[in-house]
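Here's the structure we're looking at; comments come further down.
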Protein chains: 2
Amino acid sequence: MPILPFSIQTLKRLPFYLSLLEDQSSEDVTSGEIARTLGLTEVQVRKDLAAISQTAGTPGRGFSRSSLIRDIKIALGYGQLDEAAIAGVGHLGTALVNFDGIKQYGLRIVVGFDIKVSKKTWISETPVYPAHDIVDVIRRLNIRLGIITVNRENAQTVCDSFVEAGIKAIWNFSPTILRVPDDVIVQNENLAASLALLSRHLKAGGHLDT
Amino acid sequence: MPILPFSIQTLKRLPFYLSLLEDQSSEDVTSGEIARTLGLTEVQVRKDLAAISQTAGTPGRGFSRSSLIRDIKIALGYGQLDEAAIAGVGHLGTALVNFDGIKQYGLRIVVGFDIKVSKKTWISETPVYPAHDIVDVIRRLNIRLGIITVNRENAQTVCDSFVEAGIKAIWNFSPTILRVPDDVIVQNENLAASLALLSRHLKAGGHLDT
DNA sequence: TAGATTGTTAATCGATTAACAATC
DNA sequence: TAGATTGTTAATCGATTAACAATC
């Protein structure tokens, strides 16, 4: 029952285990089955599961689907909802706001901003304010996580406002390198890299190596 | 002048080098500058650049911005445009179709499909067909790369049609594990993992470790 | 008990970092 | 030549794989 940290590599595989387990009907599941479906090795799966699960597998039988699901969700931090703000509600931003899955992932987008909006509007149940209200609104709501889905030209400006407002973690979908102070972290959603990986694969072949 | 392979880790960093270099004005750039901006080490940068560049850096001065840009684009396969089909033109799909950057990344989305469409329509200059035309149209256009931006429930069905149509590489944005034959590869765009990484970081701190 | 599958220890592999010589 | 920065070799670190003993 290891309490603390598991590797980033493990962390990245967890959502796949979760997705697979949720699609599964039988209560017993073995590392071999998981490995085969995901293109990993049995041992890798067992090590990952050992690292995050409270209840051990039973030799000769496998793991309990339901407790694995529970443990993976805990490890991924689902349940503790982080509140987030999003800047740029064009197609990509709207997609994220409307994305059902995102709530399950532990994120709740509570407010949006857009340069094209001149007074408060709504996307589903999420309020959207003009871009120049970013600092005020975020400060008031005390939000620490910001999502950037504006275009390349405006990304750094938005980022600066986020930082000024007290945002500490930024999920960046714009193809730019953002400059931030040391205490703010940026997670770049790297579409270009994924694509490069794919087109390399188109020539070589391979499977899951996120 | 190494001709063949560089690691996947290197590949993933290349788009960031490229973005940084394109924002840069001076023709000389050192590994130290790059490393500082991206939160990497100098040596790491130098090794990456050595792995992909045709022209070496010059000691005491640095690298040539313009030839680095050229070499990175070659390494990433930009220029050789891959033609792609996309299934699901909701918000996310439309965002991808309209995403200017994507062309620079070496991808051209030439056709879309959607279950909600009953006859041929258009998004900008991209034709969109009803979902039941997937196999016919893709076969006719001889496309090998498919993008899935439908919801979880329809993802596997679309995937099966793609495979039937001869698609060999799939870029999967749905939160599902797709079952495909061995000769088809899947690149999962793993939003859940990114998020988990972010919220872990929210507690610990860190930088670029895609 | 026999069969299956787990968990763990040791070996391997690959990527990062440290140290330093080469060179513009 | 002196200073700066590159490229490379060796050391370290971390993650994956192989081998096998433990156990339901």
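Chain naming here is simple, since letters A, B, ... match the order of the sequence lines and numbering starts at 1 in each.
- Of the possible polar contacts, none joining the A:Asp48 side chain to the A:Ile52 backbone as a donor-acceptor pair under 3.5 Å is found.
- For the pair A:Lys168 and A:Asp183, the salt-bridge criterion is met [side-chain N within less than 4.0 Å of a carboxylate O].
- With hydrogens and angles left out, the side-chain atoms of B:Gln156 and B:Thr176 include no donor and acceptor closer than 3.5 Å.
- The nearest whole Å value for the distance from the CD atom in A:Glu42 to the P atom in C:dT8 is 16 Å.
- Defined by atom type and a distance below 3.5 Å, a donor-acceptor pair is missing between the side-chain atoms of B:Ser53 and B:Thr55.
- Residue A:Val43 places its side chain closer to D:dA19 than to any other of D:dA19, C:dT5, D:dT6.
- Heavy-atom contacts from other residues, nucleotides or ligands closer than 6.0 Å to CZ of B:Arg139 number more than 12.
- Rounded to whole Å, the distance from CZ on A:Arg46 to P on D:dC20 is 15 Å.
- Comparing atom distances between the B:Lys47 side chain and each of D:dT17, D:dT8, D:dT6 picks out D:dT8 as nearest.
- Close to C:dT6, at under 4.0 Å from its OP1 or OP2, lies no side-chain N or O of A:Thr58.
- OP1 or OP2 of C:dT6 has at least one side-chain nitrogen or oxygen of A:Ser31 nearer than 4.0 Å.
- Closest to the side chain of B:Pro59, out of D:dA15, C:dT5, C:dC24, is C:dC24.
- The CZ-C1' distance, from A:Arg65 to C:dT5, rounds to 20 Å in whole Å.
- Among the atoms of the strands shown, only primed sugar atoms or phosphate atoms (P, OP1, OP2) are found under 4.0 Å from some heavy atom of B:Arg61.
- Between A:Arg36 atom CZ and C:dT5 atom P there is a gap of 9 Å when expressed in whole angstrom units.
- Closest approach of A:Val97 to A:Ile86, counting heavy atoms only: CG2-CG2, 4.0 Å.
- Going from atom CD1 of A:Ile8 over to atom P of D:dG14 covers 12 Å, rounded to whole Å.
- Taking atom CD on A:Gln44 and atom C1' on C:dT5, their separation rounds to 18 Å, with Å as the unit.
- Few gaps surround CD1 on A:Ile69; more than 12 heavy atoms of other groups in view lie less than 6.0 Å from it.
- Counting only Watson-Crick or G-U wobble pairs whose defining distances are both under 3.5 Å, the stems of 3 or more consecutive pairs in DNA chain D are C:3-24 with D:3-24.
- Taking only side-chain atoms of B:Gln9, from C-beta outward, the nucleotide of D:dT6, C:dG7, C:dA15 with the closest atom is C:dA15.
- Nearest to the side-chain atoms of B:Ser7 among the listed nucleotides D:dT6, C:dT16, C:dA15 stands C:dA15.
- Within 4.0 Å of A:Thr10, counting heavy atoms only, lies no atom of the nucleic acid at all.
- Rounded to an integer number of Å, the gap from B:Ile52 CD1 to D:dG7 P is 11 Å.
- Residues A:Asp48 and B:Gly57 each lie close to DNA chain D; by heavy-atom proximity, the contact nearer the 5' end of the strand is made by B:Gly57.
- Atom CD of A:Glu33 is separated from atom P of C:dT5 by 8 Å (rounded to the nearest Å).
- Ionic pairing of B:Arg152 and A:Asp23 is present here: one or more N-O contacts between side-chain nitrogen and carboxylate oxygen are shorter than 4.0 angstrom.
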